[in-house]
Amino acid sequence: MRLLLLTHAFNSLTQRLWVELTRAGHAVSVEFDVNDSVTREAVAMFQPDLIVAPFLKRAIPEDVWRRHRCFIFHPGIVGDRGPSALDWAILNSERRWGVTCLQAEAEMDAGPIWAWKEFELRDASKSSVYRNEVTDAAVRTLHEALGRLRAGSFRPQALDYSDSGVRGRWRPLVRQADRTIDWRADDSEQVLHKVRSADGNPGVLSELFGEAAYLYDAWPEDTLTGVAGELIARRHGAVCRATVDGAVWIGHVKRKSVAREHRIKLPAARAFPGQAAGLPEVPVAIEPQDTLRTFREITYRERNRVAYLEFEFYNGAMSVAQCERLLTAYRYACSRPVRVVVLLGGHDFWSNGMHLNVIEAADSPADESWRNINAIDDIAREIITTDDRLTLAALRGNAGAGGVFLALAADRVVARGGVVLNPHYKNMGNLYGSEYWTYLLPRRVGAARAEELTENRLPIGAVEAAGMGLLDRVIETDTESFVGEVEHLAEDIANHDDYDTLVADKHRLRLENEARKPLKDYRTAELERMQLNFYGFDPSYHVARYNFVYRVPHSRTPLHLAVHRRKDANSS
Ligand code: COA
Ligand code: THG
């Protein structure tokens, strides 16, 4: 079929559906929902058999949905309607939630239902539920709906609120007043809940250091206490605030009442540098000695001669300081009597490369970019040159740009089946990229494929990635069971009869490669190009980063996605 993905943005859900539909053999094109006339134009050009809308903020025009069937993917159970589905599900502490595929009609989200799936609502942020449970359920819903459409005889069910099985209902847009934190009354669980219901967007509007700010990235704290509402500590980028029954950490904030150039989401201590400096820095060991909860981005543990490093960096973005801490943690792992070091990344993202928001906020974004890329390169080099044990990158969540190549630094790379990779830099203003990608990518997929991947700038699914050798293996589970599977795999490697041979082979291969072309030469050549991106005459990278960080709305769909707008587009 010819499928048009009509969407507000090419976000993680849209990318996953793009991957699934392409894998199923459909001709897929993408149009951003910029305005009605652009949508009409796209439909006229592509002549889709079906329009798929995974992420829309506006109504599809009547002439479009009357002439073309449109599948809306709504992140709610049957009967749930409105623009804040997941926000309400979290605020109302729903136990089960779901995804519904309905056909667009005049009344928003009230059209006939083609398919739906439910899942247990995990205690996590809105965006985490969206990137995991909602995305996996949407994929299953999509395949079921397409099967029914193909079968021909299926009649979609009209929404009927008199049916006792219909639990959902219309809910309006969540207002800030619906989740205002009362620091003198709300306990820690209530604070966490409210922040999670609004994380990643729009955030909970509260106040910090006496100034209005949106809060994100909240973590529980089981030890520290203080007078409710007072800021009592800082750790790395986060600040700790006392509640009536304990305290919570706030990792990221966006200041509200400042000039536009300061209104971006940043680590809390970075957004309020002067004020945060006055708080006591409370250190934490990377190796938990108890089950007490606290803010800890990097976690180390080991079992049966395997080391596990998790790095729960918000949005997968890695600033200079975060890279330095990760490098220290990696070196610690390599100092331990372990045979395999597993790099688990974070729950939602393995890594998305350098921290574009922190770079944007720096006095000199060019200098900060330079420091950031070097800090990531230092980690990549340390992993590549680890010659006395084996390394495994295990991707629970997506990776993009430098984050993908950092994963390739490990000896083996495995991913959860639902993972989507973006192994390219060009979308960020023609960034050349580093992370030793010119060494790591061709040796896995060959020079031609490497060129294709970096030029096409398309997402690829874990299955396709494994097919071309970019990954070694796909593990088909959900995010929650993935780590258990990885533990089996890592222990198998550690206990393998040939373990010593594998390490010796790896060491020998590295020496051969080094003799052919020293690792530092790859880095030098990549960084020469990056220096041009950062300091050269062409400001594309700085412009693209600005647009990305400030979420400047798209004015058109890029041609690598809008196949129907390409001059060469005449294939099926
Ligand atoms: N630095 C800072 N923030 C980043 C980031 C980075 N490198 N990568 C992703 N993010 C943020 C996004 O801004 C977004 O923020 P939000 O909290 O305001 O929503 C969030 O992470 C990702 O949201 P989501 O909608 O799930 O992402 P996506 O699936 O649409 O996009 C990527 C995934 C990787 C394709 C996209 O985020 C991207 O292009 N990132 C930039 C990658 C890059 O160029 N890195 C620098 C080069 S090393
Ligand atoms: N039929 C048609 N178009 C659609 C849907 C449909 N477009 C997408 C929509 N379903 C699913 N998403 C939304 C998006 C917004 C709203 C409801 C469902 C909504 N928005 C408020 C408004 O427009 O006034 C304000 C929201 C805001 O400001 O964010 O109610 O079934 N044809």
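Each ligand, and each atom within it, is numbered from 1 in the order the structure gives.
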For [atom], the protein heavy atom that lies nearest, with its residue and separation:
atom: atom 1 (N) of ligand 2; answer: E105 O, 2.9 Å
atom: atom 3 (N) of ligand 2; answer: I60 N, 2.8 Å
atom: atom 29 (O) of ligand 1; answer: S12 N, 2.9 Å
atom: atom 13 (C) of ligand 2; answer: M108 CE, 3.9 Å
atom: atom 45 (N) of ligand 1; answer: N352 O, 3.2 Å
atom: atom 8 (C) of ligand 2; answer: R58 O, 3.4 Å
atom: atom 29 (O) of ligand 2; answer: L173 CD1, 3.6 Å
atom: atom 31 (O) of ligand 2; answer: D109 N, 2.7 Å
atom: atom 21 (O) of ligand 1; answer: N315 CG, 2.9 Å

Using a 4.0 Å cut-off to any heavy atom of [X], which atoms of ligand 1 qualify?
X: N201; result: 18 (O), 19 (O)
X: N422; result: 35 (C)
X: F10; result: 30 (O)
X: F349; result: 22 (C), 26 (O)

Does the protein put any heavy atom within less than 4.0 Å of [atom]?
atom: atom 16 (C) of ligand 2; answer: yes
atom: atom 33 (C) of ligand 1; answer: no
atom: atom 22 (C) of ligand 2; answer: no

Checklist entry - Can you find an N/O atom of K57 closer than 3.5 Å to an N/O atom of ligand 2? => result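 K57 vs ligand 2: no N/O contact under 3.5 Å.
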
Checklist entry - So is there a nitrogen or oxygen of W170 less than 3.5 Å from a nitrogen or oxygen in ligand 2? => result no

Next on the checklist: Please find the pair of heavy atoms, one from D63 and one from R40, that lie closest to each other, and give the distance.
Outcome noted: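 Minimum heavy-atom separation between D63 and R40: OD2-NE, 2.7 Å.
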
Item to check | Identified salt bridge (charged side-chain N to carboxylate O under 4.0 Å, His left out) counterpart of D348 within the set R131, R396, R416 | outcome: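 Only one of R131, R396, R416 forms a salt bridge (charged side-chain N to carboxylate O under 4.0 Å, His left out) with D348, namely R131.
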
Item to check | Residue that, paired with L395, satisfies side-chain contact (heavy atoms from CB on, under 4.5 Å) out of L343, V414, L421 | outcome: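 Exactly one pass, corresponding to L421.
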
Checklist outcome for this item: Applying salt bridge (Lys or Arg N to Asp or Glu O under 4.0 Å) to R263 and not counting sequence neighbours gives none

Checklist entry - Is the closest N or O pair between Q15 and ligand 1 shorter than 3.5 Å? => result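 The answer is no, given that Q15 and ligand 1 share no N or O pair closer than 3.5 Å.
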
Checklist entry - Does the N or O separation between M354 and ligand 1 drop below 3.5 Å for any pair? => result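 Checking ligand 1 against M354, an N or O pair does fall under 3.5 Å apart.
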
Next on the checklist: With a 4.0 Å cut-off on N to O distance, would you call E144 and R140 a salt bridge?
Outcome noted: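 Here E144 does not pair with R140 in a salt bridge, since their nearest N and O are not under 4.0 Å apart.
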
Item to check | Cation-pi geometry met for R255 and F272 (6.0 Å, 45°) | outcome: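 Yes; both conditions hold, so R255 lies above the ring face of F272.
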
Checklist entry - Does a donor on one side chain and an acceptor on the other come within less than 3.5 Å for Q531 and W370? => result no

Item to check | Min heavy-atom dist N427 to ligand 1 below 4.0 Å | outcome: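 Not so, N427 does not reach ligand 1.
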
Item to check | ligand 1 contacted by R551 (non-hydrogen, < 4.0 Å) | outcome: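 In this structure, R551 qualifies as a contact of ligand 1 - some heavy atom is under 4.0 Å.
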
Checklist entry - Heavy-atom contacts under 4.0 Å between I72 and ligand 2: side chain, backbone, both, or neither? => result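 It is the side chain that touches ligand 2; the backbone stays farther off.
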
Next on the checklist: Test of understanding: with side chain to side chain donor-acceptor pair (under 3.5 Å), list the residues that count as partners of E324, not counting sequence neighbours.
Outcome noted: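 Result, side chain to side chain donor-acceptor pair (under 3.5 Å) vs E324: none returned.
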
Next on the checklist: Tell me the contacting part of V420 for ligand 1: side chain, backbone, both, or neither, using a 4.0 Å heavy-atom threshold, strictly below.
Outcome noted: neither

Checklist entry - Can you tell me if E62 has a non-hydrogen atom under 4.0 Å from ligand 2? => result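 False for this residue.
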
